[in-house]
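The sequence lines fix the lettering, A, B, ..., with proteins before strands; numbering per chain opens at 1. Computed from a predicted structure; not experimentally measured.
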There are 2 protein chains.
Amino acid sequence: MPLRAFIPFKPVNPKSRLSRIMGEGERVRFARAMLGDVVEAVLSAGCAPVILATDASVECRGAEVQVTPLGLNDALNNLFREQESPLLIAMADMPLADSISLGKLIGSSAQVAIVPGRGGGTNALLLREPQRFRADFYGASFLKHMKIAADAGLSVEVIDSFRLHTDVDEESDLVELLIHGRGRSRALLEELGFSLSVQRGRVGVKRHAHEEARRGIDSGHA
Amino acid sequence: MPLRAFIPFKPVNPKSRLSRIMGEGERVRFARAMLGDVVEAVLSAGCAPVILATDASVECRGAEVQVTPLGLNDALNNLFREQESPLLIAMADMPLADSISLGKLIGSSAQVAIVPGRGGGTNALLLREPQRFRADFYGASFLKHMKIAADAGLSVEVIDSFRLHTDVDEESDLVELLIHGRGRSRALLEELGFSLSVQRGRVGVKRHAHEEARRGIDSGHA
């Protein structure tokens, strides 16, 4: 049986820190495109993706969907209690994930392999014995997860990959996606009119005026 | 002969984007501490560090120092023209570099191995034939370097490491150093009173009031 990769996903008002540059409808499409990229990467790494969604509106080719009303940590900790075989947790907002980078995670021989996210978070976990681990996402969850593993006497490997380390929350993260992305979320960014912009030696993103106008309609502003 | 790793370094008014939270004297110390971490990592990876400095004030145990009045690109391109054997370029502001992550770069069999920095830059390069390459730093240099390699018909490998990908320019980058750093720049941050701060689920840095006051003196403010 292939390793199951659980991908938590909350479809409502996603990626709110991108509100300044994307309307809500666009953020919904963008979050689903990133989810699609992660599902694709998980499949290409030979794992079975399971989307843990907070409502039944989500579907994604090749992935099973489980609906849970619970918050992220409760949903995962329920799962860990039931699950005796190894599993993967992968966040839905790491669209640079690919089969090679996920392969480093899956290939770890540690009892817990962890991928730190940018800014103290956790982007992915490989748990050989989920029952011995506890999820504590939000805030500096990487440090919390390292402590939980140490307290449980579990061996840990930190996976060194910028592709898995890059989560997309803020405008500056779109730069990484435009430079290193190859999947549907990057294509959507281009469709929405985003491109790289270099000003005074710093790289940012800009959006075509035409698309800005469309966004005004989408988000209900004048 | 060990592979030489050239580390460009400009000692004057370094890391100006940290001015809001560090006085100039502190930024000078901090930049040198990061340089020390990179030199240490380069040595631990079995390479010979050569600091390419814009003035003679720089010294660092274990590293040769070459002084050049030229700007970064001109200095490197002069070097590439003279150099027939392989060389490494490593930026002085990637303090999470260690022997394992540098080993991935050094172990590449491509003619050009490149480490993208955060935000479109280039943090490190392995050049098997420097004479066939050209440095074009600043702005989206990662994309420029990819094109220069392609135009020269050189094979390229992009190294996937968050430790090498993380350059420290801005306040948010200090979070990465406080979480993942192990060397002298991280120790200096702690000595200067910096620590992690979690507010509304987001991780940032804070500084002890006492140290803020010292900084006021250091930077000449009231």
Between these two chains, chain A and chain B, I want each donor-acceptor atom pair under 3.5 angstrom written on its own line with its distance.
residue, atom, partner, partner atom, Å
K104(A), NZ, D160(B), O, 2.8
K104(A), NZ, D160(B), OD2, 3.4
R118(A), NH2, D173(B), OD1, 2.6
G119(A), N, E176(B), OE2, 2.7
G139(A), N, G201(B), O, 3.3
D160(A), O, K104(B), NZ, 2.8
D160(A), OD1, S161(B), OG, 3.1
D160(A), OD1, F162(B), N, 2.7
D160(A), OD1, R163(B), N, 3.0
D160(A), OD2, K104(B), NZ, 3.4
D160(A), OD2, S161(B), OG, 2.7
S161(A), OG, D160(B), OD1, 3.1
S161(A), OG, D160(B), OD2, 2.7
F162(A), N, D160(B), OD1, 2.7
R163(A), N, D160(B), OD1, 3.0
D173(A), OD1, R118(B), NH2, 2.6
E176(A), OE2, G119(B), N, 2.6
G201(A), O, G139(B), N, 3.3

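If you measure heavy-atom distances from F142(B) to chain A, the contacts under 4.5 Å come from the side chain alone. For L96(A), no part lies under 4.5 angstrom from a heavy atom of chain B.
When each of G204(B), P116(B), G121(B), G120(B) is checked for heavy-atom pairs under 4.5 Å with chain A, P116(B) comes out on top.
The 12-atom threshold is not exceeded at CD1 of I100(A), counting heavy atoms of other residues, nucleotides or ligands nearer than 6.0 Å.
Residue pairs satisfying the ring pair (Phe, Tyr, Trp, His ring centres under 6.0 Å) criterion with at least one member in residues 7-48 of chain B, sequence neighbours excluded, are absent.
Among the candidates L196(B), V198(B), V203(B), the single residue satisfying the side-chain contact (heavy atoms from CB on, under 4.5 Å) test with L143(A) is L196(B).
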